[in-house]
S.K.: 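Before anything else, here's the structure in question.
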Amino acid sequence: MVVEKELKSITINTMPYTVPPKTVDRRSESITAEEDMHIVAIEHFIGVSSGGYPTDNGHILSKNSENPWVKWGDKGTGMEPTGEKGYFGYCGRDYYSEVSGISDVCVYENFPSGYFLVKKGEKLYMHCYADNPTSKQVVFHHCVRLIYW
């Protein structure tokens with residue numbers, strides 16, 4: 001017997017925000033689960049309006065409130081180290097794609113072998129990293145849509 005489950009969705013969204021020249025911005029957005037959320041897929045969006053200049057940015061999900069990009073900031077590109085535990089749903093942007101003319105990155109990520117559980121009352125964080133190495137103001141935008149039952 002197959003038990004069907006209704007899929008639902010909820011979004012965590014920074015909305016567009018400006019990062020001043022030669023600045024790294026590390027911010028977090030969160031939601032509190034109003035019910036048990038068995039996350040089975042994530043739709044990621046990263047948008048950057050830098051006019052063809054390279055930027056370095058990404059976001060990652062965790063139930064840990066500490067923004068890990070603060071401690072990962074000393075790693076060359078600022079991306080997370082290999083083997084780091086407690087984080088999932090990473091979406092980054094290869095800064096070369098910006099130079100090639102791709103203005104936004106959209107990724108669908110599913111969990112074919114199961115799900116990630118966020119229990120009712122727990123917070124889920126989207127920790128963001130946005131590095132603007134240019135001499136211009138750059139607008140970044142991070143968003144995830146969580147598909148769950």
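The model shown is predicted, which means the values in this text are computed figures rather than measured ones.
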S.K.: Apply side chain to side chain contact (heavy atoms under 4.5 Å, CB included) to Cys91 and Ile46, showing your working.
M.R.: CA-CA 8 Å; Cys91 183; Ile46 295 179; 4.0 Å; yes
S.K.: Can you tell me how far CG of Leu117 sits from NE2 of His38, rounded to the nearest 0.5 angstrom?
M.R.: 5.0 Å
S.K.: What closest approach, in Å, do Thr14 and Cys128 show between heavy atoms, and which atom pair accounts for it?
M.R.: CG2-SG, 3.8 Å
S.K.: List for me each residue that meets ring-ring contact (aromatic ring centres under 6.0 Å, His included) alongside Phe45, sequence neighbours excluded, and say none if there are none.
M.R.: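 Here the qualifying residues are His141.
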S.K.: Supply the atom-to-atom distance Glu109 CD to Leu61 CG, rounded to the nearest 0.5 angstrom.
M.R.: 8.0 Å
S.K.: Please answer whether the main-chain N or O of Gly86 pairs with a side-chain N or O of Ser62 as donor and acceptor at a distance below 3.5 Å.
M.R.: yes
S.K.: About how many Å separate CG of Leu7 and CG of Leu146, when rounded to the nearest 0.5 Å?
M.R.: 12.5 Å
S.K.: Taking Tyr87 as the fixed residue, which of Tyr125, Trp72, Trp69, Phe116 is the one that meets the ring-ring contact (aromatic ring centres under 6.0 Å, His included) rule?
M.R.: Trp72
S.K.: When you compare the side chain of Ile39 with that of Ile147, does any pair of heavy atoms fall below 4.5 Å?
M.R.: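 No. Closest side-chain heavy atoms not under 4.5 Å.
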S.K.: Okay, side chain of His44, backbone of Cys106: is any donor-acceptor separation there less than 3.5 Å?
M.R.: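 No, because the side chain of His44 does not come within donor-acceptor range (under 3.5 Å) of the backbone of Cys106.
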S.K.: Hey, is the main chain of Ala33 close enough, under 3.5 Å, to the side chain of Lys120 for a donor-acceptor pair?
M.R.: no
S.K.: For the side chain of Asp25 and the backbone of Ala130, is there at least one donor-acceptor N/O pair under 3.5 Å apart?
M.R.: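 Such a contact is absent between Asp25 side chain and Ala130 backbone.
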S.K.: Find the distance between CE (Met37) and NZ (Lys119) and round it off to the nearest 0.5 Å.
M.R.: 14.5 Å
S.K.: For Lys5, does the NZ atom sit with more than 12 other heavy atoms under 6.0 Å from it, leaving out its own atoms?
M.R.: yes
S.K.: Using atom types as modelled and distance alone, determine if a side-chain donor or acceptor of Thr11 lies under 3.5 Å from a backbone N or O of Asn13.
M.R.: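 The answer is no, because no donor-acceptor pair under 3.5 Å joins these two groups.
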S.K.: Under the side chain to side chain contact (heavy atoms under 4.5 Å, CB included) rule, what do Asp131 and Thr23 come out as? Steps first, then yes or no, please.
M.R.: CA-CA 6 Å; Asp131 183 356; Thr23 303; over 6 Å; no
S.K.: Do His142 and Tyr17 pass the side chain to side chain contact (heavy atoms under 4.5 Å, CB included) test, and can you show the C-alpha distance, the side-chain angles, and the key distance before you say yes or no?
M.R.: CA-CA 9 Å; His142 296 262; Tyr17 62 97; 3.2 Å; yes
S.K.: Would you check if the side chain of Asn110 reaches a backbone N or O of Pro112 as a donor-acceptor pair within less than 3.5 Å?
M.R.: no
S.K.: Linking I/L/V/M/F/W/Y whenever any side-chain heavy atoms sit under 4.5 Å apart, do Tyr148 and Val107 land together?
M.R.: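 Per the 4.5 Å side-chain linkage, Tyr148 and Val107 are not co-clustered.
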S.K.: If I compare all heavy atoms of Val139 with all of Pro16, which pair ends up nearest, and what's the gap?
M.R.: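 Closest approach of Val139 to Pro16, heavy atoms only: CG1-CB, 3.7 Å.
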S.K.: Mind checking whether Pro21 and Gln137 have side chains closer than 4.5 Å, heavy atoms only?
M.R.: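 Yes, side chains in contact.
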S.K.: Any salt bridge (Lys or Arg N to Asp or Glu O under 4.0 Å) involving residues 29-44? Give me the pairs, sequence neighbours left out, ordered by first then second residue.
M.R.: Lys8-Glu35, Glu43-Arg145
S.K.: For a quick check under 3.5 Å, do His59 and His127 share a side-chain donor-acceptor pair by atom type?
M.R.: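 No.
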S.K.: Quickly, which of Val144, Val118, Leu124 forms a side-chain contact (heavy atoms from CB on, under 4.5 Å) with Ile31? Name it, please.
M.R.: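 Running side-chain contact (heavy atoms from CB on, under 4.5 Å) over Val144, Val118, Leu124 with Ile31 returns exactly one hit, Leu124.
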S.K.: Would a 4.5 Å heavy-atom cut-off, applied to side chains only, mark Asn57 and Phe140 as touching?
M.R.: yes
S.K.: Can you find a side-chain donor-acceptor pair between Thr134 and Asn132 that sits under 3.5 Å?
M.R.: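 Thr134 vs Asn132: donor-acceptor pair found between side chains.
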S.K.: Count I, L, V, M, F, W, Y as connected when their side-chain heavy atoms are under 4.5 Å apart, and connections chain through other members. Are Val24 and Ile60 then in the same cluster?
M.R.: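 In one cluster with Val24: Ile60, yes.
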